Amino acid sequence: MVPAPQTPAHTHGSIVIDLSSPILPPGFFAAPAPVLARQLIGARLLVDGVGGTIVETEAYDSTDPASHSFSGPTARNAAMFGPPGHAYVYRSYGMHWCLNLVCGPVAGGAVLLRALVPEDGIPLMRERRGPVPDRDLCRGPGRLCQALGVTVAHDGLPLDAPPFHLIPGPAEGMGEGAVVAGPRIGITRGADTPWRFSLRGSRFLSRPARG
DNA sequence: CGTCGGATACCCT
DNA sequence: GGGTATCCGACGC
């Protein structure tokens, strides 16, 4: 008789359920975008097993002139007006993809993922990103999508099912004051709204924290 | 490690 | 037309 493995996992055929992963709380995505954006710092995101700890986010909602939802539904932003808890993926500069998590008590809210710490699937990230320092694998919203293999094919997909795996934070060792709020990056309208959130002192941010 | 220009394509008003 | 991220080479700290 072989003793049961001491790992916190059950197996059903080829499916492995990792019992160490906290369950996404009900209503997690019903929070307003700035609230969820702050909560996501220290959470972990995997796409097909590739990803790491989120260290930089930005919040957008329909009251915000910087938001794609500000001027109402279009073909591109349809996912922002769908149910919370789904992905919104859009193209930036005609060549990069950007991943948002649709959220909020009303339509039109989303959190843009701007940077994470490469932790899982780093060899595949390197293949996708080419010869860059590991620090730069997921440092920026477009780079993050390239490293995780996120494209418009993920637009509208639910975030609580494969290929997505979102594990709520905060990460070990994160305490009060670990999250910095400041102005968002690369926008002109709504530039004074402090809806960029980042992990204080992280070297994986797309740019240093301001504010 | 930070900042600075210059170059690149698509979505929406 | 206005908005937008990345890569590059350059240079300062």
Side-chain angles (χ1 to χ4, degrees), chain A residues 33-34 37 40-41 45 47 50-82 86-104 107-118 121-122 124-157 178 180-211:
Chain A
L40 285 172
I41 301 301
L45 175 72
V47 180
V50 178
T53 300
I54 298 167
V55 292
E56 183 181 347
T57 61
E58 285 179 356
Y60 294 87
D61 73 22
S62 61
T63 70
D64 164 22
S67 173
H68 286 181
S69 60
F70 183 67
S71 298
T74 65
R76 176 176 70 158
N77 69 15
M80 284 189 91
F81 291 91
H86 292 242
Y88 167 48
V89 180
Y90 69 89
R91 207 190 259 288
S92 172
Y93 276 81
M95 26 184 157
H96 311 293
W97 300 109
C98 292
L99 172 62
N100 298 258
L101 312 188
V102 175
C103 69
V111 175
L112 172 65
L113 301 186
R114 290 195 53 94
L116 57 76
V117 183
I122 289 178
L124 187 48
M125 291 188 193
R126 291 186 184 128
E127 284 182 30
R128 290 166 169 165
R129 291 278 297 119
V132 300
D134 281 4
R135 177 179 182 250
D136 291 347
L137 288 174
C138 307
R139 196 166 72 96
R143 293 161 166 175
L144 184 159
C145 283
Q146 188 179 19
L148 272 56
V150 171
T151 71
V152 71
H154 297 83
D155 188 43
L157 295 185
V180 185
R184 294 169 293 181
I185 291 179
I187 58 169
T188 53
R189 296 167 299 177
D192 292 335
T193 305
W195 280 4
R196 177 190 184 220
F197 301 92
S198 58
L199 181 61
R200 186 181 299 277
S202 172
R203 68 188 192 96
F204 294 95
L205 304 182
S206 68
R207 304 186 58 174
R210 303 201 181 280

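Convention: sequence-line order gives letters A, B, ...; per-chain numbering from 1. The shown structure was predicted, so the numbers you read here are calculated from the model rather than taken from an experiment.
The CD atom of A/E58 sits 11.5 Å away from atom CH2 of A/W195, with the distance rounded to the nearest 0.5 Å.
Bracketed by its first and final contacts, the part of DNA chain C lying under 4.0 Å from non-hydrogen atoms of chain A reaches from C/dG3 to C/dC7 in 5' to 3' order.
Distances from the side chain of A/R135 to the nucleotides B/dG2, B/dC10, B/dT13 place B/dG2 closest.
Without hydrogens or angle criteria, A/R143 side chain to A/R129 main chain gives no donor-acceptor distance under 3.5 Å. Listed for the A/R135 side chain is a donor-acceptor partner under 3.5 Å among the backbone atoms of A/R203. Side-chain atoms of A/Q146 do not come within 3.5 Å of backbone N or O of A/H96 as any donor-acceptor pair. In terms of modelled atom types and a separation under 3.5 Å, the side chain of A/T57 and the main chain of A/A37 share a donor-acceptor contact. The backbone N or O of A/Y88 lies less than 3.5 Å from a partner atom in the side chain of A/N100, making a donor-acceptor pair. Side-chain atoms of A/R128 come within 3.5 Å of backbone atoms of A/A147 as a donor-acceptor pair (strictly under, hydrogens ignored). Of the possible donor and acceptor atoms, one in the side chain of A/N77 sits under 3.5 Å from a partner among the backbone N and O of A/G72.
You'll find the side chain of A/R196 reaches within 4.5 Å of the side chain of A/L205, heavy atoms only.
To the nearest angstrom, P of B/dA9 lies 11 Å from CZ of A/R91. The separation between A/M95 atom CE and B/dC10 atom C1' is 9 Å, rounded to whole Å. A/F204 places its CZ atom 12 Å from the P atom of B/dG2, with the value rounded to the nearest Å. Protein atom CZ of A/F81 is 12 Å distant from nucleotide atom P of B/dC12, rounded to whole Å.
Of the two residues contacting DNA chain C, namely A/R129 and A/H68, the nearest-nucleotide position lying further toward the 5' end is that of A/H68.
Only A/G186, A/I187, A/T188, listed by number, bring a heavy atom of residues 181-197 of chain A to less than 4.0 angstrom from any atom of DNA chain C.
Checked for salt-bridge contact, A/R76 and A/D155 miss the test: no charged N lies under 4.0 Å from a carboxylate O.
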Output field dot_bracket for DNA chain B (Watson-Crick or G-U, both distances under 3.5 Å, | for other-strand pairs) contains |.||||||||||.

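For the pairing with A/R114, the side chain to side chain contact (heavy atoms under 4.5 Å, CB included) check across A/C98, A/P141, A/C138 returns one residue only, A/P141.
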